Visitor: 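Supplied in structure tokens, the structure appears directly below.
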Amino acid sequence: MATSAFQRLPGFRDFPPEELALRSHIQEAWRRVSRRYGFQEYDGPPLEPLELYVEKSGAEIVGQLYNFTDKGEREVALRPEMTPSLARILGDRSRGMSKPIRWFSTPQLFRYERQQRGRLREHFQWNVDIVGEEDVAADAEVLAVAIDGLRELGLGPDDFRARVSDRRLLREVLLAVGVEEERLPTAFGIIDKLERMPRDKARATLLKDAKLGSAETDGLLELLDSAGLDAVRARFGDRGAVAAELARLAQYLGALEAMGLGAFVQFDLRIVRGLAYYTGIVFELFDRKGALRAICGGGRYDRLLELVGGEPLPAVGFGMGDVVLGELLAERGLLPAYERALDYFVVAVSPEQRAQALRIAHTLRDRGSSVAYALKAELGVTKQLKAADREGAKEVLIVGPDELARGCVVAKNMESGGEREIALSELT
RNA sequence: GUGGGCGUAGCUCAGCUGGUUAGAGCGCCUGACUGUGGCUCAGGAGGUCGGGGGUUCAAGUCCCCUCGCUCACCCCA
């Protein structure tokens with residue numbers, strides 16, 4: 001492949017107009033849905049102090065940071081996720097803000113890792129968060145936004161589903177099964193990886209690392225596989241702590257059901273999420289076929305704002321990346337064909353009409369229309385029409401000596417080919 | 001970080017076991033068509049065969065290195 005002297009950095013994308021149109025298609029849908037739910041848009045710096053991520057996000061993210069030392073000897077990182085920045089921004093000003101705070105953003109995020117399908121070193125991620133509301137209704141609202149973001153792009157219940165769980169419930173279930181308190185993080189880690197692990201390995205790991213008995217392990221695995229609230233209720237519903245968590249989850253699922261989004265939601269105790277800061281309900285959105293990576297992930301993180309030095313505020317939110325989503329949309333034929341669009345293309349039949357054509361073009365632009373014309377003044381009418389066609393003009397205004405003499409121009413509709421005359425007085 | 005596959009025109013690709021001036025389709029440019037686009041026809045431009053080194057009389061083709069892409073692992077925004 002002929003290469004220019006400078007190559008693009010690996011894992012980064014160029015966005016020529018056709019590609020940018022696809023990206024915008026997605027981002028504009030995200031924005032429409034966010035605003036429909038009453039969220040306000042914000043942004044932060046793409047470069048942050050390294051330590052913002054080191055303790056807060058867990059080792060998983062830190063190992064993949066795109067970080068370096070700047071000229072001021074500061075350890076910095078390109079942001080790998082938005083939530084820590086949000087926490088910092090709110091830490092500075094949330095005390096004076098009315099709650100709940102509903103904010104969204106579509107930042108470009110970065111990671112340093114070898115790229116593969118659905119994962120580059122850079123992507124755009126839709127972040128939606130509700131801060132300052134502990135009610136489970138906030139959790140439901142946030143998941144509803146995520147689901148509607150995908151619906152807005154044409155995806156339905158046959159295309160994707162949300163798998164939801166609650167870390168508090170999982171914690172109580174694990175305690176009930178007999179996992180020791182200090183083994184809980186280990187057990188969480190194993191369950192998070194369960195689906196990517198062979199059965200016997202999962203079993204062996206639970207036995208060894210989570211220090212579970214053989215019968216308990218089998219019981220737990222069976223429960224996780226059953227993927228139903230009823231199974232949990234049947235086995236542990238009589239335990240007060242479990243029952244309380246089940247009640248909250250039922251309320252959550254009920255809210256989504258009431259919104260008419262029940263078909264998209266499925267309880268699944270195996271959803272844990274890798275990030276360390278999640279504290280409650282967590283969820284992930286997957287394509288139905290299970291062929292792609294998770295499209296979206298999120299959950300409740302009630303301690304994070306405190307951790308970065310802010311007001312202790314409960315929070316819930318999600319991130320949805322553009323790369324996997326773009327793949328899914330392409331697969332389903334839901335990406336729009338790229339086309340150029342122009343309201344008018346002004347043709348001067350000969351250079352003598354050039355000044356008049358420029359005047360018309362500018363008048364129309366002042367009125368808000370998109371207008372172009374051939375920059376080379378000496379092009380023939382044929383070439384100008386070809387150019388008009390290429391640029392996607394809806395209508396071509398032909399400015400010629402005969403028409404000018406009669407005080408008008410010819411307006412040619414480029415789709416039908418039909419022509420009509422417009423008085424010059426209407427165009428200047 | 002580990003392993004597999006792949007790099008030929010702007011794009012998609014063809015080039016048999018090494019053998020003359022490296023091809024096709026699409027796109028682009030020009031003309032047929034100096035006041036009417038799409039369609040058609042004719043012509044044209046465009047390649048250090050990713051880069052470097054080696055083997056050979058001869059390398060797009062074989063070998064080594066390197067860069068990039070891609071898939072998987074690790075991990076998972």
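The chains referred to below are lettered A, B, ... by the order of the sequence lines, with proteins before strands, and numbering in each begins at 1. Fair warning: this is a prediction, and the values are worked out from it, not measured in the lab.
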Visitor: Starting at CG of Asn413(A) and ending at P of G38(B), how long is that distance when rounded to a whole Å?
Guide: 16 Å

Visitor: Grab the stems for RNA chain B, please: at least three consecutive Watson-Crick or wobble pairs, both distances below 3.5 Å, written as range with range.
Guide: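 Looking at RNA chain B, the stems formed by three or more consecutive pairs are B:1-7 with B:67-73, B:10-13 with B:23-26, B:28-32 with B:40-44, B:50-54 with B:62-66.
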
Visitor: Give a yes/no answer on whether the side chain of Gln384(A) brings an N or O atom under 4.0 Å of OP1 or OP2 in U36(B).
Guide: no

Visitor: Kindly state which residues belonging to residues 141-153 of chain A come within less than 4.0 angstrom of RNA chain B, counting heavy atoms of the residue only, listed by number.
Guide: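 Those residues whose heavy atoms fall under 4.0 Å from RNA chain B, taken from residues 141-153 of chain A, amount to none.
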
Visitor: Donor-acceptor pair, Gln356(A) side chain versus Gln353(A) backbone, under 3.5 Å?
Guide: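 Flag not set: sc Gln356(A) to bb Gln353(A) has no pair under 3.5 Å.
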
Visitor: How is Gly118(A) classified with respect to the nucleic acid when contacts are heavy atoms under 4.0 Å: base, sugar-phosphate, or nothing?
Guide: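 The residue Gly118(A) makes base contact.
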
Visitor: It should be established whether Gln116(A) places a side-chain nitrogen or oxygen under 4.0 Å from OP1 or OP2 of nucleotide U70(B).
Guide: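 For Gln116(A), the contact criterion (side-chain N or O under 4.0 Å from OP1 or OP2 of U70(B)) is not met.
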
Visitor: On the nucleotide G37(B), are OP1 or OP2 found under 4.0 Å from the side-chain N or O atoms that Lys412(A) carries?
Guide: no

Visitor: Could one point to a donor on the side chain of Arg111(A) or the base of C76(B) with an acceptor on the other under 3.5 Å away?
Guide: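 Result: no qualifying N/O pair found.
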
Visitor: Below 4.0 angstrom from OP1 or OP2 of A77(B), is there any side-chain N or O of Arg273(A)?
Guide: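 It does, given that an N or O in the side chain of Arg273(A) lies less than 4.0 Å from OP1 or OP2 of A77(B).
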
Visitor: Do Gln116(A) and Arg293(A) pair up side chain to side chain, a donor and an acceptor below 3.5 Å, judged on atom types alone?
Guide: yes

Visitor: With sequence neighbours left out, which residue pairs that include part of residues 355-368 of chain A fulfil the salt bridge (Lys or Arg N to Asp or Glu O under 4.0 Å) condition?
Guide: none

Visitor: So which atom in Gly132(A) and which in Leu313(A) form the shortest heavy-atom distance, rounded to 0.1 Å?
Guide: CA-CD2, 4.0 Å

Visitor: Just so I know, are the side chains of Leu307(A) and Tyr301(A) near enough to count as touching, which here means a heavy-atom distance under 4.5 Å?
Guide: no

Visitor: Please determine if a side-chain N or O atom of Lys383(A) lies less than 4.0 Å away from the OP1 or OP2 oxygen of U36(B).
Guide: no

Visitor: Measure from NZ or CZ of Arg102(A) to the centre of the six-membered ring of Tyr37(A), then state whether that distance is under 6.0 Å and the direction lies within 45° of the axis.
Guide: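 Negative - Arg102(A) is either too far from the ring of Tyr37(A) or too far off its axis.
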
Visitor: With a cut-off of under 6.0 Å to the ring centre and 45° to the axis, is Arg163(A) in cation-pi contact with Phe283(A)?
Guide: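 The answer is no; the distance or angle limit is not met.
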
Visitor: Name the nucleic acid region contacted by Glu113(A), choosing base, sugar-phosphate or nothing; use a 4.0 angstrom heavy-atom cut-off, strictly under.
Guide: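 Base contact - Glu113(A) has a heavy atom under 4.0 Å of at least one base atom.
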
Visitor: Using a heavy-atom distance cut-off of less than 4.0 Å, which residues of residues 414-423 of chain A contact RNA chain B?
Guide: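 By residue number: Met414(A), Glu415(A), Gly417(A), Glu419(A).
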
Visitor: Taking the minimum atom-to-atom distance to the side chain of Leu385(A), which one of A77(B), G38(B), U36(B) wins?
Guide: U36(B)

Visitor: Does a side-chain heavy-atom distance below 4.5 Å link Phe39(A) with Val145(A)?
Guide: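 Contact flag for Phe39(A)/Val145(A) side chains = yes.
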
Visitor: Let me know, please, whether Pro10(A) or Ala393(A) comes out on the 5' side of the other along RNA chain B by nearest nucleotide.
Guide: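 The residue whose closest nucleotide sits nearer the 5' end is Ala393(A).
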
Visitor: Identify, residue by residue, the members of residues 332-357 of chain A with a heavy atom below 4.0 Å from RNA chain B, and return them in order of residue number, or none.
Guide: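 Listed by number, they are Val349(A).
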
Visitor: What pairs of residues pass the side chain to side chain donor-acceptor pair (under 3.5 Å) test when at least one of them lies in residues 401-428 of chain A, not counting sequence neighbours?
Guide: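 As it turns out, the side chain to side chain donor-acceptor pair (under 3.5 Å) pairs with a partner in residues 401-428 of chain A, which skip direct neighbours, are Glu395(A)-Arg420(A), Arg406(A)-Glu421(A), Asn413(A)-Ser416(A).
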
Visitor: Take atom C1' in G50(B) and the same atom in G7(B), then report the distance between them in whole Å.
Guide: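 The same atom, C1', in both gives a distance of 6 Å.
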
